[in-house]
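Down below is the structure, laid out as structure tokens.
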Amino acid sequence: MATTHANTAALIYDWNEKERTGPLLRRAPRFVDESIRDGIQSPSVRDPSIEQKMELVRLMDRMGVQAVNLGLPGAGRRAQEDVERLLRFMVEEKLRITANCAARTVASDIHPIIDISQKVGVPIEVMTFIGSSPIRGYTEGWDNDRLKKHTHEAVKLGVDHGLPVGFVTEDTTRSHPKTLDVLFRTALEAGAGRLVLCDTCGHATPDGLRNLLNFARGVLRSMDLEDTVELDWHGHNDRGMALVLGLYAFEWGFHRVHGCGLGIGERVGNCSLDLLLLNLYLLGQLDPKQHDLSCLVEYVEKISEATGVPIHPSYPLSGRDAFRTATGVHAAAIIKATKTGDLDLADRVYSAVPARVFGRKQEIEIGHYSGRSNVIFWLREHGYEPSDELVDRVFNFAKSQNHTLSTEEVKAVIAGG
């Protein structure tokens, strides 16, 4: 029977925890899954079937994601029908996850959300958005008076019909503080209970995120709303910083962070929700009673299957190569750890992510960088006796190639005698 080394953690010196002066997070993290709204706005994805969307929402609920954006009903009849069916499904299956929907700051987008909510009998959070950056305003020919008017009317419409409203400023990270001040105050005075700060173009750095957060808090503080209005962060990945900024957003005090499975979405995508969950788990910030991450890989695979977006081989956790090596030095260490019977040690000696926690395992392959230990381990794992002659034959063949051998190639070498 496999054993676990009681002090495996003690064998890792964790620089991540040095000079931490207090709790990593101010509160339990909460998430908004945008996979079936923002995620499917990518020009390269398929719109999943309603059955696939239901399956994804089940997995979101199981993972402890608190809210899902069901879509933009203002886009047309099909979008409205999908949102209504998904909301009814969530009620029928008594899921914990709650619903929100995107809407432009126009009545024609908000009325369908109100209608669906009234038909099904449960509230939908209205996430009403408007472009707030000067570059967008110049392009569209908008001025602040027009933005203010649309903001007030849209928020008030949702609030007057008893729905929670989040006010979303598109391109917040490139917006002027004078404009944001006007729009934030207008939305809050109209009854918005949430401000959603958006890195719509993936522009922000950690400094930008912190500066924007401090500004928004200042507005709330000046209105005596700091303890009653929540802040969301919605980030895109154009600079490759979406995941890091999502983690900082939680650490610095945002209430919720938005993301998509597999990081899908407009252009280069959104924050990868699965990797956000993974990192918070590894940092010890998720309550296992609330978050079942045993299905995290399944969630990513279902996102890929439903949208047609392939999982890159080196994608963390869910990629084919995440726990797979053909390099001799790496493989030798994993093999030695495996021989001790300590699965945790084998998982951690060459990985920061414990594969078996998420239903994966370490895989040793054979390639041109492999050592003889790779060949011996592979042969035993596949039911072959690793005689010296057989090991030499496979090893010499691998060294003559320029790639990792497939199972079929190794078996052909074995059969070829």
Side-chain angles (χ1 to χ4, degrees), residues 32 34 37-38 69 72-75 100-115 117 123-201 203-204 208-209 211-236 254-256 258 266:
V32 178
E34 290 268 6
R37 199 280 300 179
D38 198 337
N69 192 315
L72 199 159
N100 60 51
C101 285
R104 293 168 298 174
T105 49
V106 293
S108 58
D109 271 17
I110 298 172
H111 277 300
I113 300 174
I114 295 168
D115 293 343
S117 176
I124 302 172
E125 184 179 20
V126 178
M127 305 292 269
T128 187
F129 61 88
I130 194 166
S132 56
S133 61
I135 191 171
R136 179 73 185 284
Y138 177 80
T139 302
E140 301 282 358
W142 296 339
D143 58 27
N144 280 3
D145 287 340
R146 176 172 177 165
L147 298 180
K148 182 178 177 180
K149 179 177 183 292
H150 278 275
T151 296
H152 173 79
E153 292 176 351
V155 173
K156 190 173 186 301
L157 179 59
V159 171
D160 285 350
H161 283 82
L163 296 182
V165 177
F167 177 59
V168 185
T169 42
E170 274 193 314
D171 208 7
T172 325
T173 55
R174 301 193 301 175
S175 297
H176 197 282
K178 289 182 179 179
T179 302
L180 292 178
D181 185 80
V182 169
L183 296 183
F184 287 171
R185 291 178 187 276
T186 299
L188 295 169
E189 287 167 357
R194 181 183 311 281
L195 298 179
V196 183
L197 311 185
C198 294
D199 193 21
T200 306
C201 297
H203 171 75
L209 172 64
N211 292 335
L212 183 58
L213 173 60
N214 289 339
F215 172 80
R217 279 186 176 146
V219 175
L220 295 179
R221 192 177 302 117
S222 72
M223 300 178 70
D224 196 25
L225 293 173
E226 195 174 15
D227 296 327
T228 55
V229 172
E230 295 195 346
L231 295 172
D232 281 17
W233 173 251
H234 179 103
H236 283 254
F254 278 89
H255 296 80
R256 303 192 308 191
H258 301 200
E266 291 272 8

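Since we're looking at a predicted model, the values are computed, not measured.
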Take Leu188 and Phe167 through the test side chain to side chain contact (heavy atoms under 4.5 Å, CB included) and record every step on the way to the result. CA-CA 8 Å; Leu188 295 169; Phe167 177 59; over 6 Å; no
Please lay out, stage by stage, how Val196 and Val32 fare under the test side chain to side chain contact (heavy atoms under 4.5 Å, CB included). CA-CA 11 Å; Val196 183; Val32 178; over 6 Å; no
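Partners of Asp115 according to the salt bridge (Lys or Arg N to Asp or Glu O under 4.0 Å) rule, which considers only residues two or more places apart in sequence or in another chain, do not exist here. With sequence neighbours left out, the side chain to side chain donor-acceptor pair (under 3.5 Å) criterion links Arg146 to no other residue. For Glu153, the side-chain contact (heavy atoms from CB on, under 4.5 Å) test picks out Lys149, with sequence neighbours left out. Every residue meeting the ring pair (Phe, Tyr, Trp, His ring centres under 6.0 Å) condition with His258, not counting sequence neighbours, appears here in chain and number order: His234. For His203, the side-chain contact (heavy atoms from CB on, under 4.5 Å) partners are Thr173, Arg174, Asp199, Arg239, not counting sequence neighbours. Residues passing the side chain to side chain donor-acceptor pair (under 3.5 Å) test with Arg104, sequence neighbours excluded: Asp109. Judged as a side chain to side chain donor-acceptor pair (under 3.5 Å), and not counting sequence neighbours, the contacts of Ser175 are Ser132. Here Phe254 pairs with Trp233 under the ring pair (Phe, Tyr, Trp, His ring centres under 6.0 Å) rule; sequence neighbours left out. Not counting sequence neighbours, the partners of His152 by the side-chain contact (heavy atoms from CB on, under 4.5 Å) test are Lys156, Thr186, Ala190. By the side chain to side chain donor-acceptor pair (under 3.5 Å) test, Glu230 is found to be paired with Arg30, Arg194, residues two or more places apart in sequence or in another chain being considered. For Arg221, the side-chain contact (heavy atoms from CB on, under 4.5 Å) partners are Arg217, Glu226, not counting sequence neighbours.
Panel note: side chain Ser117, backbone Ile114; no donor-acceptor pair is recorded below 3.5 Å.
Heavy atoms of other residues, nucleotides or ligands lying less than 6.0 angstrom from CG of Asp224 number 12 at most.
Residue Pro112 comes nearest to Ser108 through the heavy atom pair CD-O, 3.1 Å, listed as atom of the first residue, atom of the second, then distance. Taking both residues in full, the closest heavy atoms of Arg37 and Asn69 are given as CG-OD1, 3.2 Å, listed atom of the first, atom of the second, then distance. The minimum heavy-atom distance linking Phe215 with Pro177 is given by the pair CZ-O, 3.3 Å. The two atoms that bring Cys201 and Asp171 nearest to each other are SG-OD1, 4.0 Å, heavy atoms only. Shown here for Gly131 and Arg136, the closest heavy-atom pair between the two residues is CA-NH1, 3.9 Å. Nearest heavy-atom pair, Val155 versus Ala192, reported as atom, atom and distance to 0.1 Å: CG1-N, 3.5 Å.
Going from atom OH of Tyr138 over to atom OG of Ser133 covers 13.5 Å, rounded to the nearest 0.5 Å. Note that OG1 of Thr200 and CZ of Phe129 are 9.5 Å apart. Values are rounded to the nearest 0.5 Å. If you take CG on Leu147 and OG1 on Thr105, they are separated by 8.0 Å, rounding to the nearest 0.5 Å. For the atom pair Leu195 CG and Thr172 OG1, the distance stands at 9.5 Å (nearest 0.5 Å).
Just one of Asn100, Ile113, Thr128, Asp160 meets the side chain to side chain contact (heavy atoms under 4.5 Å, CB included) condition when paired with Val165; it is Thr128.
Contact of the Leu197 side chain with the Phe184 side chain is registered, since non-hydrogen atoms from C-beta on lie closer than 4.5 Å. Between Leu163 and Ile110, the closest side-chain pair of non-hydrogen atoms is not below 4.5 Å. Side-chain atoms of Asp232 and Met127, non-hydrogen and from C-beta on, do get closer than 4.5 Å to each other. Between Leu157 and Val126, every side-chain heavy-atom pair lies at or beyond the 4.5 Å cut-off.
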